[in-house]
Amino acid sequence: MRPNIVDQVDTTFFIIAGISVFFLLLIGIIMVYFVIKYNKKRNPIPSNVTGNTKLEILWTVIPTLLALGMFFSGYAGFKNMRNAPEDSFTVKVIGRMWFWSFEYDNGKKSDTLYVPLSRPIKMEITSMDVNHSFYIPSFREKEDAIPGRKNYLWFQPTALGSYNIECAEYCGLNHSAMYSKVVVMPDKDFEKWYNTPNPVDSLNTQKKDSTLINK
Amino acid sequence: MNEVSYLKYEGKHNGLAGWLLSTDHKRIGVMYLAAMIVFFLTAVVFGLLMKFEMLTPGRTIMGPQTYNTLFTLHGVMMIFLFIIPGLPAIFGNFFLPIMLGAKDVAFPRINLLSWYFYIIGALMILASLLFGGGPIDTGWTFYVPYSLRTGTNVTFAVFAAFVLGFSSILTGLNFITTIHRMRAPGMNWFRMPLFAWGLYATAWIQLLATPILGITLLLIMLERIFGIGIFDPALGGDPLLYQHMFWIYSHPAVYIMILPAMGLVSEIIPTFSKKNIFGYGPIAMSSLAIAFVGYLVWGHHMFSTGISDTSRAIFSLLTFLVAIPSGVKVFNWVATLYKGSIDLRPPLLFVLIFIILFSIGGLTGLVLGSLNTDIHLTDTYFVVAHFHYVMFGGMGTLFFAALHYWFPKMFGKMYNEKIAAIGAWTFAIGFNVLYFPMFILGYLGMPRRYYDYLPEFRNLHVISTIGSWIMVTGIFIIVINLLKGFLKKEMITDINPWGGTTLEWTVPTPPPVENFDKIPVITRGPYERDEHK
């Protein structure tokens, strides 16, 4: 079983955040301590300290090593993100101002992304007009939808339920209304839905007005 | 003639013409200051309106088109009219020649021309709101294909930014030449104040990177007018080519914004701790390192665009490396306080606030430089928070620091220091209440440039909006206090009110027209003091 993308993102985040909080406190506390301790009332005569080569090396080398560590943590997670399993279930997603549409291999179309729980899902992402970005915050992933390009991302559903899909790249008037949902279904229910031939399925109660392209 | 202060001097032209036609670097600096304060405060009001709109989901006071226009104008004005030109154009112009022991910059007339390019570009941005398709709604990044399709007045606004570019290029050219050719006798490179080092690194970026932006913007105009198909995929163009060209300039531009500010910190801390800077060499060299490596990291703005996985990894690695010289600077600044004799006056207070805000901004930048976390966080409020901490908490806070530091020298007047400190604290508290919740919003998945939001984000948005009111109160206190100081009748003549060691503290207050009666001969480093010997 491969590592979970969500866990990897959160782990990298907490590693970097932890190091960051440590340095922030270090800098903040030392700074305030110096300002109090070497206040002109307590310390009227300054000493002439102009530098220290050992310290300079120390605070160049340690941050460099930490930075390399952080880079590799992010890179390892990223490699996993980009390496979609061979047996992924592929769905095409097309961004338009201002809605998403999904197309399945058997020709089924939908404005909501229905997926089975047990398969890795690979999204092939493109756009018909301007740049959009296909973003599922709960899965910690996004990839831009760019006209003329086919981008991808993959994810492994881990729990039944529905999760928000958002547009993360500014695309004009109704950018902030460009939502859809991923619905993770039990495999059996998904099979049933997948093999029922109706042209467009929707859980969205609000019908999007597709004539709004370019105000 | 050199007895007269630059403020009172009467030459060929007097009154307003004496300012508008002056090639005196000090008057030009003050003219930039006047213009920039107006644009800065306007953009602050736009930001305030945006935050007010975010108080409730859906419509609060404006519709989506107005909101999209406001965030575009807020970004365009803050970046092109305030943050990029701010410190070099105002304080670089005013103080670089004096700090080097020169009578003016190398090309005084080109210097005045730069100011006119700036003003004309700025007025064109304002004019673009009034005709054509109306105010632009593309975001300050002008991303294609949207910027090619929108009916708003993009062509003219982009041309305005193109004109502004010339102001930046010429200022850079002027500063490089001035620093190379006009240092006083005895002032070798390592006796140069660190503010000059910051300006020097910046000037190279201005000179070498800005033309790329100029070309890119010109191509957008050509594409919109003639449909030539360089960027538009419908015509066979490549939208990612635009993003590459845009960020090849706009990422180094981030360092244009911050390097002079970092130079300023290296002036203020030694002055108020009465001692030499800690690590002059590492600080000077880290400026050059940042300027150089900063050219090579633009791809980190494009981690989710579908550029190759290998290039994403390389850009990520370089991004982590560029963080190190910034860290080295912060450590050296804090070490400068060690065994000093510290006088916590308003300029130093602003600098200490800067160190905290900039550290938060820089450290959260690591999260965005890392690949898998950036995929999650790019284009969310996390990024908005990050760059406001770096840019506004960085350059913005230091703009106030610079004003409070050099105000007495520039105008021969003094502001109320107690009120300045109250303003600084109010600003700092409001700043964190305003921007810190945005980190959390971003991690929870709130995308940026959203007019509307899901109800679960409401509380954090409300806190952030309240923060905006506190922060603007702080800015208001700061500005009114300085304005009151400026309008005071009594002049101060103390040439060195803070006990600084660089050359601007050896000339009269306010400085005379030609700065020095006799060009000084430099025999020691910029921060050495008699009391050390």
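Keep in mind that this is a model prediction, so the values were computed, not measured. No hydrogens, no waters, no symmetry mates; every other heavy atom, side chains included, goes into these values.
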Parallel, tilted or perpendicular: which fits the ring planes of A:W59 and B:F278, with parallel below 30° and perpendicular above 60°? tilted
Geometric class of the B:Y338/A:F34 ring pair [parallel <30°, tilted 30-60°, perpendicular >60°]: tilted
Side chain from CB out, backbone as N, CA, C, O: work out which of these in [X] comes under 4.5 Å of a heavy atom of chain A, or both, or neither.
{"X": "B:P64", "result": "both"}
{"X": "B:T378", "result": "both"}
{"X": "B:I355", "result": "side chain"}
{"X": "B:I356", "result": "both"}
{"X": "B:A313", "result": "both"}
{"X": "B:T138", "result": "backbone"}
{"X": "B:F382", "result": "side chain"}
{"X": "B:V367", "result": "both"}
{"X": "B:I277", "result": "backbone"}
{"X": "B:L348", "result": "neither"}
{"X": "B:F439", "result": "neither"}

Minimum side-chain heavy-atom gap [X]-[Y] below 4.5 Å:
{"X": "A:F72", "Y": "B:F320", "answer": "no"}
{"X": "A:D129", "Y": "B:P145", "answer": "no"}
{"X": "B:L454", "Y": "A:Y179", "answer": "yes"}
{"X": "B:Y443", "Y": "A:V9", "answer": "yes"}
{"X": "B:S316", "Y": "A:F71", "answer": "yes"}
{"X": "A:M31", "Y": "B:W333", "answer": "no"}
{"X": "B:I375", "Y": "A:R140", "answer": "no"}
{"X": "B:F331", "Y": "A:I27", "answer": "yes"}

[X] versus chain B, heavy atoms under 4.5 Å apart: side chain, backbone, both or neither?
{"X": "A:Y152", "answer": "side chain"}
{"X": "A:S73", "answer": "backbone"}
{"X": "A:N52", "answer": "both"}
{"X": "A:L55", "answer": "side chain"}
{"X": "A:Y135", "answer": "side chain"}
{"X": "A:L68", "answer": "side chain"}
{"X": "A:L24", "answer": "both"}

Considering only NZ, NE, NH1 and NH2 on the basic side and carboxylate oxygens on the acidic side, decide whether B:R312 and A:E143 come within less than 4.0 Å. yes
Nearest heavy atoms of [X] and [Y], plus distance in Å:
{"X": "A:S47", "Y": "B:K275", "value": "O-CE, 3.4 Å"}
{"X": "B:I307", "Y": "A:R149", "value": "N-NH2, 4.4 Å"}
{"X": "A:P137", "Y": "B:G445", "value": "CB-CA, 3.8 Å"}
{"X": "A:E166", "Y": "B:Y450", "value": "CB-OH, 3.7 Å"}
{"X": "A:N151", "Y": "B:T305", "value": "ND2-O, 3.0 Å"}
{"X": "A:G74", "Y": "B:S370", "value": "CA-OG, 3.4 Å"}

Quick check: are there more than 12 heavy atoms from other residues, nucleotides or ligands sitting under 6.0 Å from OH of A:Y163? yes
Do the ring centers of B:F303 and A:F78 come within less than 6.0 Å of each other? no
Centroid-to-centroid, A:H175 to B:Y451, below 6.0 Å? no
Could you state the interatomic distance from [atom1] ([X]) to [atom2] ([Y]), rounded to the nearest 0.5 Å?
{"X": "A:K41", "Y": "B:I342", "atom1": "NZ", "atom2": "CD1", "answer": "13.0 Å"}
{"X": "A:T60", "Y": "B:I324", "atom1": "OG1", "atom2": "CD1", "answer": "8.0 Å"}
{"X": "A:D144", "Y": "B:M302", "atom1": "CG", "atom2": "CE", "answer": "9.0 Å"}
{"X": "A:D10", "Y": "B:H376", "atom1": "CG", "atom2": "NE2", "answer": "7.0 Å"}
{"X": "B:K274", "Y": "A:I45", "atom1": "NZ", "atom2": "CD1", "answer": "12.5 Å"}
{"X": "B:Q65", "Y": "A:L173", "atom1": "CD", "atom2": "CG", "answer": "5.5 Å"}

For chain A, which candidate among B:G306, B:P233, B:S273 shows the most heavy-atom pairs at distances under 4.5 Å? B:G306
Among B:S286, B:G279, B:G340, B:S359, who wins on heavy-atom pairs under 4.5 Å with chain A? B:G340
Determine, stepwise, if the pair B:D379 / A:Y170 fulfils side chain to side chain donor-acceptor pair (under 3.5 Å). CA-CA 9 Å; B:D379 283 319; A:Y170 175 68; over 6 Å; no
I need the residue from A:R82, A:Q8, A:K37, A:M81 with the largest number of non-hydrogen atom pairs under 4.5 Å to chain B. A:R82
For chain B, find which of A:S133, A:P44, A:G28, A:S138 contributes the most heavy-atom pairs closer than 4.5 angstrom. A:P44
Does any donor atom in the side chain of [X] or [Y] lie under 3.5 Å from an acceptor atom in the other side chain?
{"X": "B:N372", "Y": "A:T12", "answer": "yes"}
{"X": "A:Y75", "Y": "B:D309", "answer": "no"}
{"X": "A:T50", "Y": "B:N276", "answer": "no"}
{"X": "B:N332", "Y": "A:E56", "answer": "yes"}

With distance as the sole test, does A:N131 use its side chain to make a donor-acceptor pair with the main-chain N or O of B:V144 at under 3.5 Å? yes
